[in-house]
Amino acid sequence: MITLLYRIYQLFIGVPVLVIITIITALEVGIGSTIGDGHFWGYYPGRWWARVILKVLLIPVKVEGQEHLEKGQSYVFVGNHQGAFDIFLIYGYLGRNFKWMMKHQLRKIPFVGYACEKSHQIMVDKRGPKKIQKTYETAREILKEGYSVTVFPEGARTFTGHMGKFKKGAFALADELQLPVVPLTINGSFDILPRQRGFGFIDWHPLRLTIHQAIYPVGQGPDNVEATMRQAYDSVMSALTPEYQGYVENPDQ
């Protein structure tokens with residue numbers, strides 16, 4: 001009965017509010033970024049968009065570890081990719097002005113793609129060496145300006161709730177610029193909307209974001225990249241709920 005009532009609530013309240021606020025926020029971000037500061041408009045409206053959506057859907061959020069972040073420090077944030085609600089959790093509750101590194105295909109999402117382009121989010125395009133180089137040049141400039149970048153180094157959402165492999169790109173970028181990497185553990189997103197369900201009704205489940213201690217570079221080069229990636233992976237894994245502990249191959253990687 002509770003599940004049925006929650007679905008009725010989603011259908012008549014949650015979804016209409018989500019659609020309306022997404023369109024308004026996307027237009028606000030797009031117009032604001034065109035005539036003003038893209039770093040401001042690319043973050044703050046999206047932050048409140050994410051928070052409002054989670055509150056309207058009655059999803060409780062718990063954040064742990066914000067004391068690990070230093071004011072004014074640029075970071076490369078890396079997190080596990082449990083599902084679509086990862087976006088709302090990080091955007092709404094990380095508490096840092098950052099840019100997403102996201103698949104270039106997301107440009108095609110109505111309104112959202114427009115807002116992402118106008119606010120200079122980093123579109124990861126792997127269709128050839130020149131496009132890959134352009135992606136990393138954009139990320140470098142963002143980080144050099146004092147902002148942070150958020151990456152899902154698995155490259156794709158999980159099918160099982162478990163973590164797949166991490167790819168090296170984000171860690172190589174942090175190594176090149178000698179910036180700290182901050183691991184993020186997301187819990188609950190897979191339970192709300194598993195990837196295989198598409199974008200149907202969601203299940204009620206709490207969300208938890210764990211912000212781990214920053215991993216600062218020790219040296220520079222392939223050894224530092226490998227060591228940072230391994231330490232970040234272990235940190236993210238350590239805070240996952242027991243049912244999702246352990247590596248499971250993701251065929252989409």
Side-chain angles (χ1 to χ4, degrees), residues 1-23 25-26 46-66 77-95 98 100-103 105-106 109-112 115-116 150-164 183-212 236-248 250-253:
M1 178 59 74
I2 293 176
T3 299
L4 176 60
L5 290 174
Y6 188 50
R7 290 189 172 186
I8 292 172
Y9 175 83
Q10 289 175 51
L11 186 61
F12 291 102
I13 297 178
V15 172
V17 170
L18 188 152
V19 171
I20 292 169
I21 195 174
T22 297
I23 293 172
T25 303
R47 180 186 181 188
W48 289 108
W49 165 79
R51 288 188 170 210
V52 168
I53 286 174
L54 291 178
K55 288 184 182 301
V56 167
L57 293 174
L58 311 178
I59 303 295
V61 173
K62 182 178 181 180
V63 181
E64 302 169 329
Q66 282 185 325
F77 294 102
V78 296
N80 59 313
H81 204 359
Q82 278 208 335
F85 276 71
D86 301 346
I87 307 299
F88 302 128
L89 180 61
I90 292 177
Y91 222 159
Y93 292 91
L94 180 59
F98 67 89
W100 292 101
M101 289 188 73
M102 57 178 65
K103 293 181 177 180
Q105 292 93 334
L106 295 177
I109 299 177
F111 294 102
V112 174
C116 290
T150 298
V151 188
F152 295 118
E154 293 169 275
R157 287 171 290 156
T158 176
F159 283 101
T160 63
H162 296 261
M163 287 170 59
L184 306 173
T185 302
I186 294 166
N187 280 294
S189 182
F190 182 78
D191 300 284
I192 291 174
L193 186 63
R195 178 176 178 178
Q196 55 269 32
R197 190 186 297 170
F199 290 95
F201 286 108
I202 68 169
D203 295 325
W204 184 92
H205 197 283
L207 283 169
R208 187 172 85 244
L209 176 65
T210 303
I211 303 168
H212 297 273
V236 175
M237 181 73 78
S238 70
L240 279 173
T241 55
E243 63 184 308
Y244 298 127
Q245 287 281 333
Y247 163 77
V248 173
N250 186 342
D252 198 28
Q253 286 195 302

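Ring centers of Phe85 and Phe190: at least 6.0 Å apart, outside the cut-off.
Annotation for Ile192 and Arg197: closest pair O-NH1, 3.8 Å, computed over non-hydrogen atoms. Among all heavy-atom pairs drawn from Ser189 and Ala84, the shortest one is OG-N, 4.1 Å. The minimum heavy-atom distance linking Gly14 with Leu57 is given by the pair CA-CD2, 4.0 Å. Contact record, Gln245 with Met237: NE2-O, 2.7 Å, taken as the closest heavy-atom pair. For Val63 against Ile211, the heavy-atom pair with the smallest separation is CG1-CD1, 4.1 Å. Smallest separation of non-hydrogen atoms from Gly46 and Thr25: N-CG2, 4.2 Å.
The neighbour count for Leu5 CG, taken as heavy atoms of other residues, nucleotides or ligands under 6.0 Å away, is above 12.
With rounding to the nearest 0.5 Å, the separation of OH in Tyr91 from CZ in Arg47 is 11.5 Å. Taking CG of Leu207 as the reference point, atom CD1 of Ile90 lies at 10.5 Å (rounded to 0.5 Å). Between the CD1 atom in Ile21 and the CD1 atom in Ile23 there is a gap of 11.5 Å [rounded to 0.5 Å]. Between the OG1 atom in Thr210 and the NZ atom in Lys62 there is a gap of 8.5 Å [rounded to 0.5 Å]. If you take CG on Leu89 and CG on Leu184, they are separated by 9.0 Å, rounding to the nearest 0.5 Å. Going from atom CZ of Phe201 over to atom CG of Leu193 covers 12.0 Å, rounded to the nearest 0.5 Å.
At distances below 3.5 Å, at least one donor-acceptor pair connects side-chain atoms of Gln10 with backbone N or O atoms of Ile202. For Arg208 (side chain) and Ala239 (main-chain N/O), a donor-acceptor pair under 3.5 Å exists by modelled atom type. For Arg195 (side chain) and Phe159 (main-chain N/O), no donor-acceptor pair under 3.5 Å exists by modelled atom type. Although no hydrogens or angles enter the test, the distance criterion places no donor-acceptor pair under 3.5 Å between the side chain of Gln82 and the main chain of Thr185.
A 4.5 Å side-chain heavy-atom check between Tyr247 and His162 finds every atom pair outside the cut-off. A 4.5 Å side-chain heavy-atom check between Trp100 and Ile87 finds at least one atom pair inside the cut-off. Side-chain contact between Tyr244 and Asp191 is present, with heavy atoms from C-beta onward closer than 4.5 Å. Side-chain contact between Leu18 and Val56: absent, with no pair of heavy atoms (C-beta onward) separated by less than 4.5 Å. A 4.5 Å side-chain heavy-atom check between Phe88 and Trp49 finds at least one atom pair inside the cut-off. The closest side-chain heavy-atom distance from Glu154 to Asn80 is below 4.5 Å.
The aromatic rings of Tyr6 and Tyr9 lie parallel to each other, their planes meeting at an angle below 30°, with 60° marking the opposite boundary.
Under the side chain to side chain contact (heavy atoms under 4.5 Å, CB included) criterion, Pro16 pairs with no residue at all, not counting sequence neighbours.
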For Phe77 and Val151, run side chain to side chain contact (heavy atoms under 4.5 Å, CB included): C-alpha distance rounded to whole Å, both residues' side-chain angles, the deciding distance at 0.1 Å, then the answer. CA-CA 6 Å; Phe77 294 102; Val151 188; over 6 Å; no

